[in-house]
Structures are given as C-alpha cells and as structure tokens.
Number of protein chains: 4
Amino acid sequence: MGAVRTKRMPRAVREQQMLDAAVRIFGQRGYMAASMDEIAELAGVSKPLVYLYLNSKEDLFTACIRREAAALTAAVRAAVRPGLAADRQLWDGLRAFFAHTAEHPDGWSVLHLQARTHGEPFAAEVAAMRAEIVAFVTRLVAVAAREAHRDPDLPEHEVAGLAEALVGAAESLAAWANATPGATARQAATTLMNFAWAGLGNLMRGRMWTPPAEAEPA
Amino acid sequence: MGAVRTKRMPRAVREQQMLDAAVRIFGQRGYMAASMDEIAELAGVSKPLVYLYLNSKEDLFTACIRREAAALTAAVRAAVRPGLAADRQLWDGLRAFFAHTAEHPDGWSVLHLQARTHGEPFAAEVAAMRAEIVAFVTRLVAVAAREAHRDPDLPEHEVAGLAEALVGAAESLAAWANATPGATARQAATTLMNFAWAGLGNLMRGRMWTPPAEAEPA
Amino acid sequence: MGAVRTKRMPRAVREQQMLDAAVRIFGQRGYMAASMDEIAELAGVSKPLVYLYLNSKEDLFTACIRREAAALTAAVRAAVRPGLAADRQLWDGLRAFFAHTAEHPDGWSVLHLQARTHGEPFAAEVAAMRAEIVAFVTRLVAVAAREAHRDPDLPEHEVAGLAEALVGAAESLAAWANATPGATARQAATTLMNFAWAGLGNLMRGRMWTPPAEAEPA
Amino acid sequence: MGAVRTKRMPRAVREQQMLDAAVRIFGQRGYMAASMDEIAELAGVSKPLVYLYLNSKEDLFTACIRREAAALTAAVRAAVRPGLAADRQLWDGLRAFFAHTAEHPDGWSVLHLQARTHGEPFAAEVAAMRAEIVAFVTRLVAVAAREAHRDPDLPEHEVAGLAEALVGAAESLAAWANATPGATARQAATTLMNFAWAGLGNLMRGRMWTPPAEAEPA
DNA sequence: AATGAATGAGTCTTCATTCAT
DNA sequence: AATGAATGAAGACTCATTCAT
C-alpha cells in the first residue's frame, strides 16, 4: 500500500514525499489519529528517517500546514491581477481559491479542519495565512469604496467583520462545493459574488439594514 | 481542579455532570486528545462510573453532540416568532445564535470544530442539526422572495448555495466574535444582516452580479 | 435475557437460581471470562445479593463444582446395584455417567474443563470426586479378578494406571459423544465396555502385552 | 525472575524467546489469567516488542498452540517406523508421546487444557492436531485387523469411537504420569498397551462384550 | 430480603520516539 | 543516506467488590 521503497534520493525530494504522505494522512485521519508509522509507510521510508528530517510529529504537522498554506495563497495570488477592477480581482481570487481547495482536499482539510482543532502551535499558523487573506479582501473593499466615491465612514471594525464574514462564507462554500456532486468552483464563486458583492455595494451606498429599536430589559 | 467528589447522587444528575465535564474537555482538547481519565476527574467521579452510564468514548461524545445541538436549536427556535416579517425572524434568530455560542464556547467548539473533524458517526450528527438550520433559513428566503413579489425564478440549487453561504458566514462570525474582545452578539448579527440581507434583497430584485465573459482554454 | 426479577424468595431457592446461572456461565465462558455481572443478570438478581449469599467469585465457583460433582456421583451411584456382577455394575455406571454428562453439558464443562484449568483451589475439588470414581472402578477390577480366580498379583500401581486409563477414556468419550451428532450414551458405553472389559479380561488371565527388548543407549 | 534483558537480537531469535515465555505462562496460568506483562517480563523484553512481533494476545496464543502441536506430532512421527508391525508402531508412538509430554508439561498443558477451554479460534487448532493423531491410530487398527485376517466387519463409527477412547486414555495417562512421582513414560505406555491392545485383539477376533437385554420403558 | 450507586486495580493495546549500525 | 531493533508512557475499557439504604 505504501509507496515503493526507492533507495537513495536527495534530501529535498525525500522531504517532499514525506510531506505528501503526511498531508494525506493528517487530512484524512486528523492530527491525533494519524500515526507516524502510517505516514512513514505511505512515504515509503523508515520511521527514523522521518524523524531525522522532520524532527517530531508536531514539527511535521507544522511543516504540512506551512506548505499547504503557502500553496494556497500562491494559487490565489497568481490568479489576481492588481491592475483590474476590485470586483474582478475578488472574482478571480475566489475562483482560484475554490479551484485549489477542490484539487487539494487533503491540504484543505489540514488547513481548515485539522489545524484549527488543535491548540495554539497550529492554529496560529493558519491564523497567519487567514489574516493575510482577510487583509487582501479588506484592501479590495477599500478600493471599492473609493471607486464608489463613498466617504470612508464605514467604521474600521465593521469592515473587519465584513471581511471575516466573506472569508467565512467562502470557506464554508468550499466544503459545500467539495461535498456536493454537481457544484463547480465557478458556481461557488458566482454564488458568493452575488451574495457578497451586492451586499457590499449597498453598504457602500450607505443603505444599511437597521435593527429594530427594542425596549429590552437586562 | 476536579469537582469535589460529592457522594451518592441520582443517575440523571450524575449524567449531566459527566456531560458538562465532557463537553468542556472535548471542546478544549478535541475528541482524540481528550482522555476519559480527565473527563471523569473533572466530573468528580471515577472512570468506571462514566463507562457504566455512558458506555464508551464514542457514545459519550455522541451524547455531548446531541445535547449541545439540541440546546442550540432550542435557543434559536425560542427566539424566533413565526408571525413576524422575514428579516425580523432572521435577525432574532441570528442574535440568539450568536448569544448562545458566545455563552457556550465549549459546546460550540464541540459542534463546529470537533465533531466535524472526526468521521461519519459524529459528523452526521451535526449535519442533521445544520440541515435543520439551513432549511429554516431557506424558508425565510422564500418568504422574502414572496414579500418582494419576485417571480420564483431563483434556481433551486442557487438558493441552497446562498443559504449555505449565509450559515457559513454566521458560523465564521461566531468564532470571530468569540475571539475578538470588543465584539458582541448584537454587532455580529448586525454585520451579517447588512452583509446578507442587502445582498439577498438585490438578488430578489433581479440584480445579479455577472461574471466577465472569458476566453478560457480548457 | 436474564430471568425475570421475581421478588422475595427464600434464601435456599435464590441460591439454587444463582448456582444454575453460574454453572451455565462458567461452563460456557470459563472461570476467568465469566463475569459476576452476567451471572447476576442471568440469575435475575442484583450483584450485591450474589455476594451476600456466596461471598466471592472463588466461593461461587467452588460451590458450582461441589454441586455438580455431587450430582454426577449421585447419578452414577443411583444406577449401580452392588449385588450384580462386576461387568454389569461397570456397564450401568458408565451408562449413567454418559447420560448425565450429556444432559448437563455445562456442569460437565465446569468439572472436566474449567475447574482443571485453574489452580489448586479448584482442581483439588474435582480431584476428590475423580478419586472417588477411580476407587469405585478399582474395586470393580478387584472383584473381577476374584471372580476370575486370578492371584492378586497385578501390581498395585498397575491397577491404578488401568483405572486411570479407563476413567480417562470415559471422560474423553463423553466429550466425543456430546459433540458427535449420532452418538448416544448407550453407544459410548458399549464402545468403552468392548474396549476396556476385554482388555481387562485378558489381563486377568495373565495375557499381557510384552514390550520388545530394546538395546537403547542413554 | 524475568530473563536478563539481552540487547539487540535478530527477530527470529526474539520470537522464540517470546514463545518460550508465553507457553510457560499460558500453560501455568491459563489463557485468560496470563498477562501480557508477565509474558514480556519473562521473555526479557518490553511489552510493545511482543505486540510488534506477535500482534495480539490471541495471535500469541495461537502461535503457541501451533508451535507446540507441531513439536508434539513431530516427536511422535519421528519415533514411528512405518515398516514395522502395527503393535510395535503403536508402542513406539505412545512412548514418544508420553516422553514428549513429560518433557514439555507447559506445552502439553497449553494443548490439552488451555486451548480446549477457550472458544473456537483455539479449540479448532488443537482439534486439527488431534484429528491427525486419531487418523494415525485408526490406520494402525485397520492394519491390525488385516494382520489378524479379520473380515472388515468392524463398523466404521465403532472404530472411530475406539480410536477416540484410546487417544483419550493416552491423554489422561499423560497427565497422570506427569503428576505421579514414580511413573515413567515407559510404564504409561506399557499400561496402555495392555489395556488397549488386548481389548482390540479381542475385538479383532470377534469377541465383543454384549450388553444385557433390557426392558427399558421409553 | 434486596439494590442503586460507586470505585481501586488491573488488562490489552498503541504511539511517539531513540539507539546502534 | 537509511534502517532493524527496541521502549517509556499513556489510554480505553472491564471487573470483582463494597457502601448506604
């Protein structure tokens, strides 16, 4: 079942094989349920070699997270052309995001599910990547506001919430798109653009939804 | 740290104590990392008693999921008054949702993070609850469409995607609101209503965002 | 599955119910694998009552062995009429033995298998019963020798070995007869009489089998 | 009490050490009462190594049964020379059998007592070996019948019962010889030959023991 | 006469990790 | 560059046994 035990490879190559195996196992079993034995076997190496190159289970998991985070952000970045209109940038980024997560379900599981389920060492790693993405989205919103000639009155933390909601919706849709047979990356992106961009547009034009006045005790 | 060992309680009471402890440990450590020893100690009972009443780690986890799912849906249902306008219903539901998750972070962690990270027995349990909520949201969207005199042309699976995105955004915001110091349930709900309802409103009026025509090879 | 929980019975009756259950469980699962829980449930009583009446697992097992041993020897004794010819006595005893073991397979399992598999406290109990039976057989052999007018030159320990072999063969045939569909107690007894009595007869008449002279080193 | 912890041995050697220890513990304590801890300590290894090589308690026990069964049949087979007369073959086989069981009491306990006391996985293993031995004895009886010019009228299942009785008697005598201080393998074999061969001889010549005619109701 | 509530101690099993080559 | 041999530590689960009523 494990990869054929090919002998004598340069370190860099072996490391990638190990990370490939680890991402697959971690993504499918979860961090705790994954066993170093299984990873080593799938990688086609002996366990001591895994330890020699990657030190420990924690380090190995961290390396997986970093590699997959880098791959995901790289995919998104490559798809976005800074010169274009804000909505076009968002659209391109979303499509790249959905496409990448669909093509790398184990990597996405590692980032979205597994890493967040286990304490600080790992969650922080993903938080960093997520912050980068949220920042990117926030920039787009700002640009859009400028394009719409809106006074920059949208309160700071309101924008943060919006970006958070958008990213959260995207993450959720990624899982949904992966699980739903007919759904494609393009459809998911369209749905989200409809849902989000229109809402954002309204906000830009100052049309906000107003909560009902309540006479609440307590 | 463990609860004081109070002696001789009726079974029903002890079971709740155990579930309380289990939700806390599972929520904080995750399913695999949680140890039955720790749960028993926190519950103030011996391990055999936990097994006598709850059978196994799996069954205990399932019981936690069920209890927390029931509590969450009950909280939301109690807040929504069916006679009111659709946006008001959504608003009330969202506030209850954010308030409940904020007050029960471990329960929310169990439902949102831990249960989904581990295979079918558990994920299915949460999926059932989620389906219920998505159905509720979908109904509201339908009502809104009727109120807006829109022809029921919104394609079926488009609506499913929208509801999915809305729920996903809400889930994401819940985590964000819990982690961000100044954020309150009310704010999170406001942000989401602005983001979502306005977008939905546009859709209802037929103003959709159109993807750019592309000349894509392959 | 357990007996119906009938309330308030005199102690003697309850004890028999418990022993019935215990013999069944011990006979089927073995001493170690049997659990007091299962025994109590099958007996239709709570566990503390079992302990109140029978003290401990060891004592319970010993009580089972004693009861079943007594029942078996009683059955054999009842079948044998001391006045008759030796071969007739053996024949009657064997038939009773095979019949009883066939009717009480769990009891026989307790005596023949389970009790011998676990250390001294229990093995001794069965050894006592077995000694009684061997003594009975030995007496019959002596009678037969007298009837055949043989000088009582058969060496003491040779007789012991013979009786041992006969009893061993009987025990073995009991298991075989229980496991073999068509076999009856009568057939098993006939086979054994043919096998044994003829051999004994020869011995009585001084026709022994002589081992080949060997020039063995070491 | 545990063997000295000798370091770094090839797997095959370690496995034998483990089996040695396991046979001893299983033979003395029984399958259930034996603890993997004790076996590992007696073998002079850590418990994980036992699991690494032998997988589980069940597998370890099965391995013990197989090894001891193979050793016993090998010992008997080596002693029997097919060209010789039937009684000589039986005599040689019996002596080898008694000698082997006397020299390997724990192995014999595993085969005769422990393996049969626990359910199908193990009992079947021993049954196979026993069947082989019974078949061997049956062949000898057939040869003897031919040598005695007897018409092959002995009914099939009568022969089966006879072989069963003979083997059972041998098994029983083995335990008796082991437990009785003065008894030797040679004596046990002599006793059994006298007991059995003479009886068989009579049968061959058609002198069977006839059960008394009975007027049995039902 | 009888039981619901409770536990100390032990069992099998697995895992991350290292040493010697 | 790579591995066969080995283990300390821990985790899920069970069991015989006892209180308090």
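Keep in mind that the numbers below use all heavy atoms, side chains included, and drop hydrogens, waters and symmetry copies. Every chain is numbered from 1, with letters handed out A, B, ... down the list of sequences.
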Within this structure, what is the [atom1]-to-[atom2] distance between [X] and [N], rounded to whole angstrom?
X       : N      : atom1 : atom2 : value
B:Arg29 : F:dG11 : CZ    : P     : 10 Å
A:Tyr31 : E:dA16 : OH    : C1'   : 9 Å
D:Met9  : F:dT7  : CE    : C1'   : 17 Å
A:Glu15 : F:dA1  : CD    : C1'   : 13 Å
A:Met18 : F:dA1  : CE    : P     : 11 Å
D:Met36 : E:dT11 : CE    : C1'   : 11 Å
D:Tyr51 : E:dT11 : OH    : P     : 11 Å
C:Gln17 : E:dA2  : CD    : P     : 9 Å

Check your understanding: Ignoring hydrogens and angles, does a donor from either the side chain of C:Lys47 or the base of F:dT17 sit under 3.5 Å from an acceptor on the other?
Key ->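 Yes.
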
Review point. According to a strict under-4.0 Å criterion, is A:Arg14 in side-chain N/O contact with OP1 or OP2 of F:dA2?
Key: yes

Check your understanding: Using purine N1 to pyrimidine N3 plus N6-O4 or O6-N4 for Watson-Crick, or N1-O2 and O6-N3 for G-U wobble, both under 3.5 Å, which nucleotide pairs with F:dT21?
Key ->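 With both distances under 3.5 Å, F:dT21 matches E:dA2.
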
Of the nucleotides [options], which has the atom closest to the [X] side chain?
X       : options               : answer
B:Ser46 : F:dA5, E:dT7, E:dT11  : E:dT7
A:Tyr53 : F:dA2, E:dC15, F:dA12 : F:dA2
D:Pro48 : F:dT3, F:dC13, F:dT7  : F:dT7
A:Val45 : F:dT3, F:dA16, E:dA2  : F:dT3
D:Lys57 : F:dA2, E:dC12, F:dA6  : E:dC12

Exercise for review: May I ask you to decide whether B:Arg29 forms a salt bridge with B:Asp106, counting only side-chain N to carboxylate O separations under 4.0 Å?
Suggested key: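 Looking at B:Asp106 together with B:Arg29, the answer is no, because their closest N to O distance does not fall below 4.0 Å.
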
Review point. Is the shortest distance from a Lys or Arg side-chain nitrogen in D:Asp20 or D:Arg67 to a carboxylate oxygen in the other one below 4.0 Å?
Key: yes

Exercise for review: On the 0 to 90° scale, with breaks at 30° and 60°, tag the B:His112-B:Trp108 ring pair as parallel, tilted or perpendicular.
Suggested key: parallel

Review point. Want to settle it: does D:Pro10 or A:Leu52 sit nearer the 5' end of DNA chain F, counting the closest nucleotide to each?
Key: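 The 5'-side residue here is A:Leu52.
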
Exercise for review: Would you classify C:Ala34 as touching base, sugar-phosphate or nothing, given that sugar-phosphate means primed atoms plus P, OP1 and OP2, and contacts are heavy atoms under 4.0 Å?
Suggested key: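 Answer is sugar-phosphate: C:Ala34 comes under 4.0 Å of backbone atoms only.
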
Exercise for review: Mind checking D:Arg11 for me? I need base, sugar-phosphate or nothing, with any heavy atom below 4.0 Å counting as a touch.
Suggested key: sugar-phosphate

Review point. In Å and rounded to the nearest 0.5 Å, what is the CD1 to CZ distance from D:Ile39 to D:Arg24?
Key: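 Spacing of CD1 (D:Ile39) from CZ (D:Arg24) equals 12.0 Å.
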
Review point. Hey, does the side chain of A:Lys47 reach the backbone of A:Glu41 with a donor-acceptor pair shorter than 3.5 angstrom?
Key: no

